Asks: 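Here it is, the structure, as structure tokens.
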Amino acid sequence: GILDKSGRPLRFNLYYQKGLSLDEEISRIIKINLIKIGIEVVPKPLSKSQINDFFASGSFDAILMDHTFEENIESLIEFFSSQGSKNYMRYRSSTFERYLKFYQGATNPNTRRTLLKSMQVVVNKDQPVTFLYFKWVTHYLVNIEKFENFRDKSGNIRPYEEWIKNRLMKNNHA
């Protein structure tokens with residue numbers, strides 16, 4: 001809710017990977033949308049190694065990145081535990097860490113499920129990271145019953161046009 005402090009408007013740098021046209025497009029959309037509400041965004045293209053350096057140092061305002069959370073506790077720990085290898089925003093929550101400690105000591109599946117949900121509630125409440133834009137401007141929801149080829153061999157989401165193309169090819173050969 002604060003757009004300026006002591007007469008200085010809210011302004012931040014948004015780093016994105018140089019050479020990726022989709023990231024450039026999303027950065028431009030973010031800038032345009034935030035200008036409309038009085039926030040100045042300065043998109044800055046960087047190499048992957050420069051972005052990794054900013055992640056490691058923790059000295060960044062915002063970075064456009066792509067991450068898919070796995071459906072397991074390790075993925076949650078990786079991003080939100082104080083010792084997590086991908087906790088780039090240096091998030092710290094004593095409540096989260098306490099739940100995690102109890103989770104690691106629990107053997108009852110129902111107790112573990114409850115503790116996992118509790119950790120998710122803590123993260124949702126604290127909102128240590130905000131996902132401003134879905135990485136793929138043209139993708140919103142994947143119906144895995146209809147599309148088998150929405151990810152490439154590396155696990156990345158393919159462009160939507162390839163989903164349609166492959167789906168039509170499959171139907172035409174049936």
Side-chain angles (χ1 to χ4, degrees), residues 1-97 99-100 117-143 150-152 154-164:
I2 299 174
L3 294 179
D4 66 76
K5 187 171 184 177
S6 303
R8 290 182 34 215
L10 177 56
R11 178 181 194 259
F12 67 90
N13 293 318
L14 172 64
Y15 302 134
Y16 66 93
Q17 190 170 342
K18 184 180 356 182
L20 298 179
S21 58
L22 181 60
D23 285 20
E24 186 176 330
E25 180 184 346
I26 292 171
S27 296
R28 194 171 25 257
I29 291 168
I30 291 170
K31 179 180 176 115
I32 290 166
N33 289 343
L34 292 182
I35 282 174
K36 291 177 185 176
I37 60 170
I39 299 171
E40 183 182 350
V41 177
V42 181
K44 294 189 176 188
L46 300 174
S47 69
K48 183 71 171 166
S49 65
Q50 288 173 306
I51 288 174
N52 288 337
D53 291 344
F54 276 109
F55 276 142
S57 71
S59 61
F60 59 89
D61 299 326
I63 296 178
L64 182 62
M65 64 175 286
D66 181 23
H67 181 77
T68 302
F69 284 94
E70 300 295 323
E71 292 185 33
N72 57 42
I73 185 70
E74 291 79 17
S75 188
L76 196 63
I77 291 169
E78 188 176 58
F79 247 81
F80 300 111
S81 170
S82 61
Q83 302 303 312
S85 62
K86 293 186 178 176
N87 186 351
Y88 306 121
M89 62 275 174
R90 309 281 196 271
Y91 173 67
R92 300 287 184 267
S93 167
S94 59
T95 305
F96 181 92
E97 296 301 326
Y99 285 143
L100 176 57
K117 287 179 182 179
S118 297
M119 285 184 272
Q120 289 173 321
V121 167
V122 169
V123 170
N124 290 343
K125 183 180 131 294
D126 288 351
Q127 294 185 12
V129 62
T130 300
F131 300 92
L132 296 173
Y133 287 79
F134 190 57
K135 181 77 172 178
W136 299 99
V137 176
T138 58
H139 300 119
Y140 299 100
L141 185 63
V142 178
N143 181 344
F150 59 92
R151 292 196 185 270
D152 63 20
S154 301
N156 298 315
I157 295 178
R158 297 174 188 235
Y160 181 71
E161 295 78 29
E162 290 183 28
W163 300 2
I164 300 296

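Numbers here simply count residues along the sequence, with the first being 1. Remember, predicted model here, so these are calculated numbers, not experimental data.
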Asks: Could you work out, with side-chain contact (heavy atoms from CB on, under 4.5 Å) as the rule, every residue matching Ile35, not counting sequence neighbours?
Replies: Lys31
Asks: Which pairs would a plain distance check flag for residues 14-22, meaning a side-chain donor or acceptor within less than 3.5 Å of a matching protein atom at least two apart in sequence or in another chain?
Replies:
none

Asks: Taking only residues two or more places apart in sequence or in another chain, which ones pass ring-ring contact (aromatic ring centres under 6.0 Å, His included) with Phe60?
Replies: Phe55
Asks: Minimum heavy-atom separation for Val122 and Tyr99, please, with both atom names.
Replies: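 So the minimum-distance heavy-atom pair works out to CG2-CE1, 3.7 Å.
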Asks: Looking only at non-hydrogen atoms, find the nearest pair between Ala62 and Phe12 and report the distance.
Replies: CB-CE1, 3.8 Å
Asks: Using 0.5 Å steps for rounding, measure from the CD1 atom of Ile77 to the CE atom of Met119.
Replies: 6.5 Å
Asks: Determine which pairs satisfy salt bridge (charged side-chain N to carboxylate O under 4.0 Å, His left out) with at least one residue from residues 32-54, sequence neighbours left out, and list them in order.
Replies: Arg11-Glu40
Asks: Which residues pass the side-chain hydrogen bond (donor to acceptor under 3.5 Å, both in side chains) test with Tyr91, sequence neighbours left out?
Replies: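 side-chain hydrogen bond (donor to acceptor under 3.5 Å, both in side chains) check on Tyr91 returns Asp126.
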Asks: Under the salt bridge (charged side-chain N to carboxylate O under 4.0 Å, His left out) definition, can you give me all pairs with a residue in residues 73-93, not counting sequence neighbours?
Replies: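 Residue pairs passing salt bridge (charged side-chain N to carboxylate O under 4.0 Å, His left out), neighbours aside: none found.
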Asks: Supply the atom-to-atom distance Ile51 CD1 to Ile63 CD1, rounded to the nearest 0.5 angstrom.
Replies: 6.0 Å
Asks: For Ser47, what residues pass the side-chain contact (heavy atoms from CB on, under 4.5 Å) criterion, not counting sequence neighbours?
Replies: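 Listed in chain order: Ser49, Gln50.
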Asks: Applying side-chain hydrogen bond (donor to acceptor under 3.5 Å, both in side chains), name anything that partners Ser154, two or more places apart in sequence or on another chain.
Replies: none
Asks: State which residues pass side-chain hydrogen bond (donor to acceptor under 3.5 Å, both in side chains) with Ser94; sequence neighbours excluded, sorted by chain then number.
Replies: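 With sequence neighbours excluded, Ser94 shows a side-chain hydrogen bond (donor to acceptor under 3.5 Å, both in side chains) to no residue whatsoever.
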Asks: Got a donor-acceptor contact below 3.5 angstrom from the Asp61 side chain to the Asn13 backbone?
Replies: yes
